[in-house]
Amino acid sequence: MEILIISGLSGGGKSKAASFLEDAGFYIVDNMPAGMILKFAEFCAAGSSRYQRAALVYDVRTADTFDEFLEVLNTLRQRECDCRLLYLEADVETIIKRYKETRRIHPLQEVAGSLETAVNQEIALMAPVRAQADIVIDSTRYSTARLRGELLRLFSGGQQGGEMQVSLVSFGFKHGLPLEADLVFDVRFMPNPFYIDSLRGKTGLDQEVRDYVFSFRETEQFVEKLRDLLRFVLPLYREEGKTVLVAAIGCTGGHHRSVAVTHALSEYVRTLGYHVTENHRDMTRI
């Protein structure tokens with residue numbers, strides 16, 4: 001059983017983290033008092049597989065002191081379960097900005113008097129919890145997409161959902177652009193095997209066609225530049241939290257050039273460690 005406790009500063013990103021971890025397969029419980037965490041853990045251990053990965057949101061709203069919570073955390077870590085504490089924070093200026101944008105009231109603001117004082121008080125109050133964290137994420141400069149990507153990378157449990165999938169699609173321009181494409185590349189400048197009688201009825205998956213397409217210097221140069229581009233941008237897309245990237249390569253009919261280049265790029269992207277799907281949308285169309 002895996003129990004992840006999500007804590008941190010108000011405005012640090014706990015609610016977003018909970019929703020993203022739900023996508024990764026966690027059962028989410030918000031605003032869980034410390035006194036109920038052990039009972040909930042026992043319930044999960046005796047329950048169905050639905051509760052084998054649980055994430056509990058615990059913050060300043062649920063505590064008078066954090067002594068009880070720290071005792072509960074220590075008890076869970078000694079049991080036969082995987083218990084980790086994730087702590088999310090941001091700098092004071094960013095938290096103030098987030099609260100002004102949402103027009104919400106900080107949980108300590110009524111007593112503190114001002115938002116800035118409330119944020120600084122919470123930083124001091126939560127310091128003992130932060131000190132026990134297994135993972136601390138400073139979300140100050142994180143976009144929503146980047147935070148999602150980081151959480152899925154850390155907590156996907158090795159499932160495919162935590163990694164970006166690269167989908168490479170060949171197509172024919174005469175049949176229209178793939179609507180789902182993030183990147184589109186046009187290879188119609190390459191010599192066309194369609195005008196070679198012995199190659200016309202074959203496709204870019206046939207070795208004879210691939211040999212013809214790649215026998216030209218411009219093809220090799222273009223594909224090498226595409227490899228450089230993909231090697232550069234794929235980690236950036238993944239860092240921003242993109243889960244599926246669709247790159248489409250098009251020629252006139254979608255039978256020869258685009259298929260050969262797509263197949264070559266698929267083999268290359270796999271060597272970079274990504275999960276790759278290869279689809280030739282128009283290869284069998286007339």
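Both backbone and side-chain heavy atoms feed into the values below; hydrogens, waters and symmetry mates do not.
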Give a yes or no answer on whether the side chain of [X] reaches the backbone of [Y] with a donor-acceptor pair at less than 3.5 Å.
X: Lys14; Y: Ile6; answer: no
X: Thr219; Y: Val213; answer: yes
X: Arg200; Y: Phe194; answer: yes
X: Arg130; Y: Gly8; answer: no
X: Gln52; Y: Cys44; answer: yes
X: His256; Y: Lys202; answer: yes
X: Ser7; Y: Tyr58; answer: yes
X: Ser139; Y: Glu89; answer: yes
X: Asn120; Y: Thr117; answer: no

Requested in this report: Would you sort out whether Arg77 and Asp82 count as a salt bridge (charged side-chain N to carboxylate O under 4.0 Å, His left out), showing the intermediate values?
Outcome: CA-CA 7 Å; Arg77 285 172 169 169; Asp82 179 11; over 6 Å; no
**Report entry** Residue pair Leu230, Leu265: steps toward the side-chain contact (heavy atoms from CB on, under 4.5 Å) verdict
**Finding:** CA-CA 9 Å; Leu230 292 174; Leu265 287 176; 4.2 Å; yes
Would you mind checking if [Y] and [X] are paired as a salt bridge, meaning a charged N to carboxylate O distance below 4.0 Å?
X: Arg217; Y: Glu220; answer: no
X: Arg231; Y: Asp228; answer: yes
X: Asp282; Y: Lys174; answer: no

**Report entry** Near-ring test Phe155/Phe20, centroid separation under 6.0 angstrom
**Finding:**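 Ring-ring flag for Phe20/Phe155: false, centres at least 6.0 Å apart.
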Requested in this report: Give a yes or no on whether the ring-centroid distance for Phe173 and Phe171 is below 6.0 angstrom.
Outcome: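 Yes - the distance between ring centres of Phe173 and Phe171 falls below the 6.0 Å cut-off.
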Report task. Can you establish whether the number of heavy atoms outside Ile105 located under 6.0 Å from its atom CD1 is more than 12? Result ->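 No.
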Requested in this report: Please say whether more than 12 non-hydrogen atoms of neighbouring residues, nucleotides or ligands are located less than 6.0 Å from CD in Glu110.
Outcome: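 No, CD of Glu110 has 12 or fewer neighbouring heavy atoms, counting only those of other groups under 6.0 Å.
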Requested in this report: On the 0 to 90° scale, with breaks at 30° and 60°, tag the Phe216-Tyr212 ring pair as parallel, tilted or perpendicular.
Outcome: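 Geometry flag for Tyr212 against Phe216: perpendicular rings.
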State, to 0.1 Å, how close [X] and [Y] come at their nearest heavy-atom pair, and which atoms those are.
X: Arg188; Y: Arg257; result: O-NH1, 3.1 Å
X: Tyr274; Y: Pro235; result: OH-N, 3.3 Å
X: Leu56; Y: Ile3; result: CD1-CG2, 4.3 Å
X: Ala90; Y: Asp138; result: CA-OD1, 3.6 Å

Query raised in the report: If Ile, Leu, Val, Met, Phe, Trp and Tyr residues are connected whenever their side-chain heavy atoms lie under 4.5 Å apart, and connections chain through other members, are Tyr195 and Val259 in the same group?
Result: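 Shared cluster, no.
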Requested in this report: Validate the cation-pi geometry between Arg53 and Tyr27: distance from NZ or CZ to the six-membered ring centre under 6.0 Å, angle to the ring axis within 45°.
Outcome: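 Checked: cation-pi criterion not met.
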Requested in this report: Start with the C-alpha distance between Leu9 and Leu88, add both sets of side-chain angles, then the distance that settles side-chain contact (heavy atoms from CB on, under 4.5 Å), and finish with yes or no.
Outcome: CA-CA 6 Å; Leu9 302 181; Leu88 291 113; over 6 Å; no
**Report entry** Check: Ser170/His280 side-chain N/O donor and acceptor closer than 3.5 Å
**Finding:**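 A donor-acceptor contact under 3.5 Å links the two side chains.
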Report task. Kindly determine whether His275 and Val166 satisfy side-chain contact (heavy atoms from CB on, under 4.5 Å), including the steps that lead there. Result -> CA-CA 6 Å; His275 179 75; Val166 180; over 6 Å; no
Report task. For a side chain to side chain contact (heavy atoms under 4.5 Å, CB included) with Ile5, tell me which candidate from Leu85, Leu86, Val129 qualifies. Result ->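 Result for side chain to side chain contact (heavy atoms under 4.5 Å, CB included) with Ile5: Leu85.
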